[in-house]
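First up is the structure itself, then whatever we jot down about it.
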Amino acid sequence: MALRSSSATAEAAGTLVSGDVRRHNLSIVARYLLENGPSSRSQIADGTGLTRGSVTALAAVLLDAAIIHEASPENARGKGRPLTLLSLAADHVAILALQLDADRVTGFLTTITGEPLLRIAEQHGRPMGQPEPVLDVMASVLGRTLDACQDLGRRLADMTVVVFAPVGGEPPVVIADTDLGWGAVDVLGGLRQREPRMPPDAALLPDAPLAASAELVRLKDTLDMIYLKSNSGIGGAIILNGTVVEGAHRLAGAFGHVPLVPDGEPCGCGQRGCLVTVAGPDAVLHAAGLGPLLVAGGLEAALDELTDRVLAGEPLALAAWDGAAGWIARALQILAMSIDPQAIVLGGYWARLADSVARRFADIRPPTWPDAARMATVVVAGRLDGDAALLGAVWSARDRLLLDPLRISI
Ligand SMILES: [Zn+2]
């Protein structure tokens with residue numbers, strides 16, 4: 001990524017006051033160190049277009065605030081004066097993502113660069129239609145994560161609560177979701193009541209757009225992407241020109257409720273024949289004879305078993321998945337025609353089965369389009385497994401903090 005100082009042009013245009021320019025240039029230095037690792041002042045100057053003098057002054061500010069630190073390289077002997085390398089540190093702060101999915105609550109604490117410090121997970125037992133006991137588990141995991149953060153001598157610089165359900169309103173709440181039988185739930189309010197140490201500016205975000213953003217980072221040269229995942233239900237996100245499309249009501253990407261089957265089975269959303277009714281985890285697990293394991297072992301264990309059986313060619317699982325994959329491919333065909341993405345990324349348990357969906361999708365795409373190979377949308381497996389949303393939350397927090405590095409020290 002090309003990072004260039006905008007100070008000269010901004011000052012010339014009089015559009016930024018000097019404080020804004022300095023903040024922007026501090027951000028450029030911090031961002032350079034994040035993307036390139038430990039670097040000398042002259043490397044930063046060459047890489048960013050800032051002058052050597054500016055880099056020296058900006059580095060002094062960041063060193064002072066303990067956002068970066070400096071160290072001599074180990075292998076510089078005998079080759080003149082060793083370079084002093086700067087690297088991103090901020091050892092006094094941490095980023096927290098607290099994720100609720102249909103099975104468990106996970107607390108994930110990282111450094112400012114996104115390096116994991118701690119992970120705590122606890123099953124909530126899926127009490128359908130009862131948010132209170134789920135909030136109890138969330139608050140317990142949050143409390144233990146905050147204790148650990150304190151024991152590590154770090155202050156929380158950013159916290160995001162990631163949920164499996166759509167979020168809306170101001171302050172934001174979970175709108176509703178069929179996976180846990182929830183109506184509107186004030187997750188942040190419930191947590192704050194139980195754990196008063198929760199930062200007042202904690203954010204509440206749905207998992208799919210965060211997961212999509214994280215997967216996008218891993219795809220080369222891709223700006224237009226559709227992300228679909230299945231674990232507790234079917235969710236997704238649309239990314240156009242590198243930005244998540246939220247929609248007028250923040251409901252864009254609700255692909256599980258694309259109605260595919262005319263006069264199909266009733267869906268929890270009130271429509272009939274939604275994708276989730278024919279390709280959702282419950283439908284596929286029951287068709288594969290894994291209903292009893294779903295009840296006894298939980299969703300994750302049942303989906304792991306299903307995927308293993310499909311990949312091993314077990315006939316009942318294969319037939320169940322084959323039926324679902326046909327509907328998924330059809331949904332992808334509609335989405336590809338509507339949005340024309342470069343890539344469709346499949347996450348959740350669909351990631352391990354992405355090849356079979358890609359084949360079905362290729363079979364039903366229009367073969368007579370001119371230049372069809374060049375214009376094809378590729379269907380690929382997500383690479384981040386179950387961690388995509390957690391990593392997306394941490395990486396976006398990191399990017400936010402590095403926009404104004406001195407705020408990290410406040
Ligand atoms: Zn529906």
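Side chains included, hydrogens not; waters and symmetry mates left out as well; all remaining heavy atoms used. Just so you know, ligand 1 is whichever comes first in the structure, and atom 1 is the first atom listed for that ligand.
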Between [X] and [Y] (salt bridge meaning N to carboxylate O under 4.0 Å), is one present in this structure?
{"X": "E115", "Y": "R398", "value": "no"}
{"X": "R144", "Y": "D151", "value": "no"}
{"X": "E132", "Y": "R194", "value": "yes"}
{"X": "D158", "Y": "R400", "value": "yes"}

Quiz item: In chain order, what residues pass the side chain to side chain donor-acceptor pair (under 3.5 Å) check against T106, with sequence neighbours excluded?
Solution: none
Self-check item: Closest approach of R250 to V167 (non-hydrogen atoms, all atoms of both residues)
Solution: CD-O, 3.8 Å
Quiz item: Quick one: how many protein N/O/S atoms are under 2.8 Å away from the Zn ion (ligand 1)?
Solution: 4
